[in-house]
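One structure is given here, and the rest of the page talks about it.
When reading the values below, keep in mind they use all heavy atoms of this one structure, side chains included, and skip hydrogens, waters and symmetry mates.
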Amino acid sequence: MLAADGSFAPTPAAEPYLALVDALDDGELEQFYRDMVVIRAFDRQATNLQRQGQLALWPPSLGQEAAQVGSVRAARAQDHVFPSYREHVVAKVRGVDPVDIIRLMRGLTHGGWNPFDPKNGNTHLYTLVLGAQTLHSTGLAMGLAFDGRCGSGDPDSDEAVIVYYGDGASSQGDVHEAMVFAASYRTPQVFFLQNNQWAISVPVSTQSRSPLYRRGDGYGMPSIPVDGNDVLASWAVTRAALDEARAGDGPRAIEAMTYRLGAHTTSDDPTKYRTSDEEQSWIERDPIVRMRAFLTTRGASDAFFADVEAEAQATADDTRERTVALGSIPAEMMFDSVYSEEHPLVDAQRRWRAEYEASFDEGAGA
């Protein structure tokens, strides 16, 4: 839809989706931009907090904002979302408090948030086991099909599932097993692959000798490549795919071509395996710069852009203040939620730890 300079220049492949984009009003278009700018400020603050010792780890989403914002805004309220571990704006848009992601990466919680709390918008938990979330999402999507919660023809009540994963995860067996069952049971599901070009230090060219979207074709599901740095294209393709899946037409696969401008996680050093020229070529396709240019040509005001920047700064400041105030958790929490019911082995471990800690106090007293 959008050229690198932000001009509206749909390719022939985009023509089937033009009506969807034409129906978007200025408020919706501006919301896309706001989402991207605010989450980038949050992401940079979280990265800084990790560098300062406030978090154990942080997976940056820098550069992938358009793929995530477009796809999650395409989902409907009743849909179910399965993120991987860097879909920060996906979680935020669905209602998850971003500081709950911070709490997870700080080690203060077993999962981050309750996916069944309505305020979290059917957003399931981050999954650091590569590809495992595709199996979880397929299981839930099969349940929707079994229970008749899709395919009625009513897009306001029928439910669908979208699952996020990366190019590295696409090589995991879990992803392929999930696609087998999704195709066999015609699940109401969209597999959303963010191809950010690098699986840590392994380039896509090493992972696959053919485009990744064709893997979906192998399972008989329509598969579409999209410019993942174009929020309009990401939105339109995902909206159409979800509506088709929700209507009972079976699963769909999308490959969003984007780029991880930051490190894989804060424990990674991308300068060891990629060139500055490569990074610069993708910086020139920055999704936020592109969308700002597009909105400017549509007449977006300076006041709007200033308001977005103010919200982004406020979000970053709030993230820092609340993170520093989080503190720590009692060690006893490690024994919670190991089993759904009380377990004698866990009880014995809890007692052993208490006695071990008490032995230090006794020694100090002597």
Side-chain angles (χ1 to χ4, degrees), residues 1-37 63-77 79 81 89-90 93 153-156 158 160 162 164 188-195 211-214 216-217 221-259 282 284-301 304-305 308:
M1 298 290 179
L2 299 180
D5 63 0
S7 59
F8 190 69
T11 63
E15 291 182 3
Y17 304 97
L18 288 178
L20 287 170
V21 172
D22 288 343
L24 292 167
D25 60 34
D26 287 342
E28 291 170 308
L29 294 171
E30 290 178 353
Q31 185 63 57
F32 291 164
Y33 178 80
R34 185 182 296 272
D35 289 338
M36 292 193 291
V37 172
Q64 298 182 220
E65 295 89 355
Q68 295 185 11
V69 168
S71 57
V72 73
R73 285 291 179 187
R76 299 182 187 271
D79 292 339
V81 177
V89 73
V90 170
V93 166
D154 183 356
D156 294 325
D158 284 341
I162 182 169
Y164 293 87
Q189 182 178 8
V190 171
F191 290 84
F192 194 88
L193 164 60
Q194 293 174 86
N195 181 350
L212 296 180
Y213 74 89
R214 295 183 61 186
D217 290 335
M221 63 180 73
S223 303
I224 308 132
V226 64
D227 182 350
N229 280 14
D230 178 351
V231 69
L232 300 185
S234 296
W235 178 85
V237 168
T238 309
R239 171 53 67 95
L242 279 169
D243 283 350
E244 291 165 357
R246 188 183 297 105
D249 294 337
R252 302 291 190 263
I254 296 171
E255 179 187 3
M257 300 292 289
T258 183
Y259 192 77
W282 282 92
E284 293 169 0
R285 289 174 270 180
D286 188 302
I288 293 178
V289 174
R290 183 186 296 193
M291 190 60 176
R292 179 174 182 134
F294 171 68
L295 291 176
T296 299
T297 62
R298 289 178 60 92
S301 67
F304 163 73
F305 292 117
V308 170

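Closest heavy-atom contact between A66 and P287: CB-CB, 3.4 Å. Closest of all the heavy-atom pairs between A300 and E30 is CB-OE2, 4.1 Å. Residues A233 and D227 share a closest heavy-atom pair of CB-O, 4.2 Å. The two atoms that bring D158 and D79 nearest to each other are O-OD1, 4.3 Å, heavy atoms only. Residues V231 and V69 approach most closely at CG2-CG1, 4.0 Å, considering heavy atoms. In terms of heavy-atom proximity, I288 sits nearest to M36 at CD1-O, 3.6 Å.
Not a single salt bridge (Lys or Arg N to Asp or Glu O under 4.0 Å) links D217 to another residue, sequence neighbours left out. Shown here are the ring pair (Phe, Tyr, Trp, His ring centres under 6.0 Å) partners of F192, two or more places apart in sequence or in another chain: Y164. Under the side chain to side chain donor-acceptor pair (under 3.5 Å) criterion, D249 pairs with no residue, sequence neighbours left out. For A4, the side-chain contact (heavy atoms from CB on, under 4.5 Å) partners two or more places apart in sequence, or in a different chain, are R285, R290. The side-chain contact (heavy atoms from CB on, under 4.5 Å) search around T297 returns F294, not counting sequence neighbours. For E244, the salt bridge (Lys or Arg N to Asp or Glu O under 4.0 Å) criterion is met by R252, not counting sequence neighbours. Under the rule for a side chain to side chain donor-acceptor pair (under 3.5 Å), the partners of Q64 that lie at least two apart in sequence or sit in another chain are Q194, N196. Annotation: ring pair (Phe, Tyr, Trp, His ring centres under 6.0 Å) contacts of F305 (sequence neighbours excluded): Y33. Legend: residues meeting side-chain contact (heavy atoms from CB on, under 4.5 Å) with E284, ordered by chain and number and at least two apart, are Q280. Under the side-chain contact (heavy atoms from CB on, under 4.5 Å) criterion, D154 pairs with S152, D156, S157, sequence neighbours left out.
Screening residues 228-243 for side-chain hydrogen bond (donor to acceptor under 3.5 Å, both in side chains) gives R76-D243, N229-T258, D243-R246 as the qualifying pairs, with residues at least two apart or on separate chains. Within the structure, the salt bridge (Lys or Arg N to Asp or Glu O under 4.0 Å) test picks out no pair touching residues 2-19 (sequence neighbours left out).
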List the steps and the verdict of side chain to side chain contact (heavy atoms under 4.5 Å, CB included) for L232 and F32.
CA-CA 9 Å; L232 300 185; F32 291 164; 4.1 Å; yes

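Taking the side chain as every heavy atom from C-beta outward, S223 and I254 never approach each other to under 4.5 Å. N195 places none of its side-chain heavy atoms less than 4.5 Å from the side chain of Y213. In this structure, D35 and Q68 have side chains that are not in contact, with every pair of non-hydrogen atoms separated by 4.5 Å or more. Side chains of D286 and Y259 form no contact here, defined as non-hydrogen atoms less than 4.5 Å apart. Side-chain atoms of I162 and F191, non-hydrogen and from C-beta on, never get closer than 4.5 Å to each other.
If you take CD on E255 and CG on L193, they are separated by 5.0 Å, rounding to the nearest 0.5 Å. Taken to the nearest 0.5 Å, the CE atom of M291 stands 11.5 Å off from the CE atom of M1. Put simply, CG on L24 and CZ on R73 are 11.5 Å apart, with the number rounded to the nearest 0.5 Å. Atom CZ of R34 and atom CG of L295 lie 11.0 Å apart (nearest 0.5 Å).
Although no hydrogens or angles enter the test, the distance criterion places a donor-acceptor pair under 3.5 Å between the side chain of T296 and the main chain of R292.
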